[in-house]
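To keep things clear, I will list the structure first and then write my remarks on it.
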Amino acid sequence: MFDPQHDFVDPLLDWHERNGRHDLPWREPDRTPFEVLLAEILLQRTTAEAVAGAYRPFAARYPTPETVAAAPTEEIEALVAPLGLVKRAAYLRRCAQQILARPSGDVPREYPELVGLHGVGEYTARSVLIHVTGLGIAAVDTNVRRLLSRFFDVTPDRDRIAVLADALAPPTRSADFQHAMLDFAAEVCTAGSPACSSCPLRGPCASAEE
DNA sequence: AAGTCGGGGCT
DNA sequence: AGCCCAGACTT
C-alpha cells in the first residue's frame, strides 16, 4: 500500500541529509528575517547557483531594511544586474521602505502582511514563514510543482499542488522538507532529462513511466 | 489572462 | 536556437 509519508517524505528527507545543498549561504541558521527575505527575492526565477555567488556581498552591504532604503536604486541595480530581472532592485527598495513604515520596523511574521510587501508573492511569503517562524507549510515553486505532479502523477494545477504540498510538509521540519524538495528537483527530478534510473524514490510516477 | 522582466547555464 | 531558473508585477 502506497503511503506518502513512508514512500515520499521520509526517503526525500533522508536523501537530503546526504545529498542536499547544505553550503548555500542563506540557509545558515543565524540569518535574520531580513536576510532571509533578501535571499528569497534574489532567488525568484534565478538559479540557486547564480545567487550563491552574489549573496554574501549583497547581504554584507544591505544587512537591514535601513541600509537598503538609504541606498540609491542605481547602486542596488548594479548588484542585481548579473542575476537578471533588474526590476527586483526597485522592488527591494520599496519593500524595505514598507518594512520601515511598520510599527516594528521589521519583517512581518504573518502571511497577509508579507504578501502586502512589494516583490513578495505567495511563494516568497510562504518561504519566509517557513524559514523565520518554522511554520509547518510548504512553498510551491516550479521545482516543487514539477516534482509533486510527477511523483504523484497528478495534473500540475497550482492550487491542487499547493494543497498537496502543505499536507506533506512535516509540522516541525518544514524548512528541511522544503530544501529537500528544491534540491531533489534541481538535481534528480530535473526539468529536462530527469535521472529516473538513479532515483531513490518509488511512487506513482514509476508506474507512469512508458 | 496574457505580457514583461533577464542574464547565464545547459542541451 | 531553445529551454529553464526558490515569481511577481503590470496591463
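The sequence lines fix the lettering, A, B, ..., with proteins before strands; numbering per chain opens at 1.
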Got a list of side-chain donor-acceptor pairs under 3.5 Å for residues 76-86 of chain A, not counting sequence neighbours?
none

In whole angstroms, how far is the C1' atom of B/dG7 from the CG atom of A/L42? 14 Å

Among pairs that include at least one residue of residues 130-145 of chain A, which meet salt bridge (Lys or Arg N to Asp or Glu O under 4.0 Å), considering only residues two or more places apart or in two chains? none

A/D10: which residues meet the side-chain hydrogen bond (donor to acceptor under 3.5 Å, both in side chains) condition with it, sequence neighbours left out? A/Q5

Contact list for DNA chain B against residues 60-82 of chain A - heavy-atom distance below 4.0 Å: A/A81, A/P82

Going by the salt bridge (Lys or Arg N to Asp or Glu O under 4.0 Å) test, which pairs reach into residues 37-53 of chain A, not counting sequence neighbours? none

Sorted by chain and number, sequence neighbours left out, side-chain hydrogen bond (donor to acceptor under 3.5 Å, both in side chains) with A/E122 holds for A/R126

Tell me, please, which residues at least two apart from A/T46 pass side-chain hydrogen bond (donor to acceptor under 3.5 Å, both in side chains). A/R88

Its contact letters, B for base, S for sugar-phosphate only and - for none at protein heavy atoms under 4.0 Å, make nucleotides 5-11 of chain C read BBBSSS-

Do you see a donor-acceptor pair shorter than 3.5 Å between the side chains of A/Q44 and A/T124? yes

Give A/V51 one of three labels, base, sugar-phosphate or nothing, depending on what nucleic acid heavy atoms sit under 4.0 Å from its own. nothing

If the C1' atom of C/dA6 is compared with that of B/dG3, how far apart are they to the nearest Å? 22 Å

Expressed as a whole number of Å, how far does the P atom of C/dT11 sit from that of B/dG6? 15 Å

Who are the side-chain hydrogen bond (donor to acceptor under 3.5 Å, both in side chains) partners of A/R21, not counting sequence neighbours? A/D183

